[in-house]
Amino acid sequence: DYNYIANAGKGPKDNPNPANFVITEITKDQIPATAISYLDKTYAGWALTKAVSVSKDGAAYEIEVIITLTDKKYKVEFDLSGNFKSAHKL
């Protein structure tokens, strides 16, 4: 994930500038086939809630997919090639 927490009480030298993240919503057709295959295998019957492409400092970084499966939501993260990185129940 891309949460940034500064060191409280420290000066600017101790807190480098956080990365500049840009989030762009994407369609199911823009999700890599490898990621779709992983979702189909691991979360059979899943439905897309939202998918985003995350860029860090102007360079593509990862793809995050929010899915629904039997009334439960999950955030599943993939690298740009569609390889699984992590999953979290929401």
Side-chain angles (χ1 to χ4, degrees):
D1 285 324
Y2 47 87
N3 295 330
Y4 175 75
I5 300 173
N7 295 323
K10 300 279 185 173
K13 287 192 318 188
D14 299 320
N15 289 308
N17 291 333
N20 182 18
F21 288 95
V22 176
I23 298 171
T24 306
E25 193 162 349
I26 60 174
T27 65
K28 187 175 181 179
D29 292 339
Q30 294 172 298
I31 299 171
T34 306
I36 296 291
S37 295
Y38 175 86
L39 293 169
D40 288 343
K41 181 179 177 184
T42 308
Y43 300 94
W46 66 278
L48 178 65
T49 301
K50 185 176 185 177
V52 296
S53 172
V54 179
S55 295
K56 177 180 176 184
D57 293 329
Y61 180 66
E62 70 180 7
I63 295 170
E64 298 181 357
V65 182
I66 309 295
I67 62 168
T68 303
L69 179 66
T70 60
D71 298 329
K72 295 178 184 165
K73 288 191 177 188
Y74 299 89
K75 175 176 147 185
V76 188
E77 298 175 349
F78 300 94
D79 67 15
L80 298 176
S81 298
N83 298 308
F84 174 78
K85 288 176 67 176
S86 68
H88 312 281
K89 186 176 175 186
L90 300 177

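This one's a predicted model, so the numbers in the text were calculated from it and none came from an experiment. Any value given below was found using the heavy atoms of this structure, including those in side chains, with hydrogens, waters and symmetry copies removed. Note that the numbering runs from 1 along the sequence shown for the chain.
Its side chain outside the 4.5 Å cluster rule for every partner, Val22 clusters with none of the Ile, Leu, Val, Met, Phe, Trp and Tyr residues.
The minimum heavy-atom distance between Ile26 and Ser53, with the atom names listed, is CG2-CB, 3.9 Å. For the residue pair Pro32 and Ser81, the shortest heavy atom distance occurs at CB-O, 3.9 Å. Scanning all heavy atoms of the two residues, the minimum distance from Glu25 to Val52 falls at CA-CG1, 4.0 Å.
Summarising the geometry, atom CG belonging to Leu48 is positioned 8.5 Å from atom OG1 belonging to Thr68; distances are rounded to the nearest 0.5 Å. Here the OH-CD distance, from Tyr61 to Glu77, works out to 8.0 Å after rounding to the nearest 0.5 Å. Once rounded to the nearest 0.5 Å, the distance linking CG of Leu80 with NZ of Lys85 reads 8.0 Å. Separating the CG atom in Asp29 from the CD1 atom in Ile36 is a distance of 8.5 Å, to the nearest 0.5 Å. With values rounded to the nearest 0.5 angstrom, Phe78 atom CZ is found 8.0 Å from Ile31 atom CD1. In this structure, CD1 in Ile63 is found 10.5 Å from CG in Asn83, a value given to the nearest 0.5 Å.
Enclosure of atom NZ in Lys50 is not indicated, since only 12 or fewer non-hydrogen atoms of other residues, nucleotides or ligands lie within 6.0 angstrom.
Within the 4.5 Å cutoff, side-chain heavy atoms of Tyr38 are placed close to those of Val76. Residues Ile66 and Lys75 meet the side-chain proximity criterion, which asks for heavy atoms closer than 4.5 Å.
Ring-plane geometry between Tyr43 and Tyr74 is classed as tilted, the angle between the planes lying from 30 to 60 degrees on a 0 to 90 degree scale.
A side-chain donor-acceptor contact under 3.5 Å links Asp57 to the backbone of Asn20.
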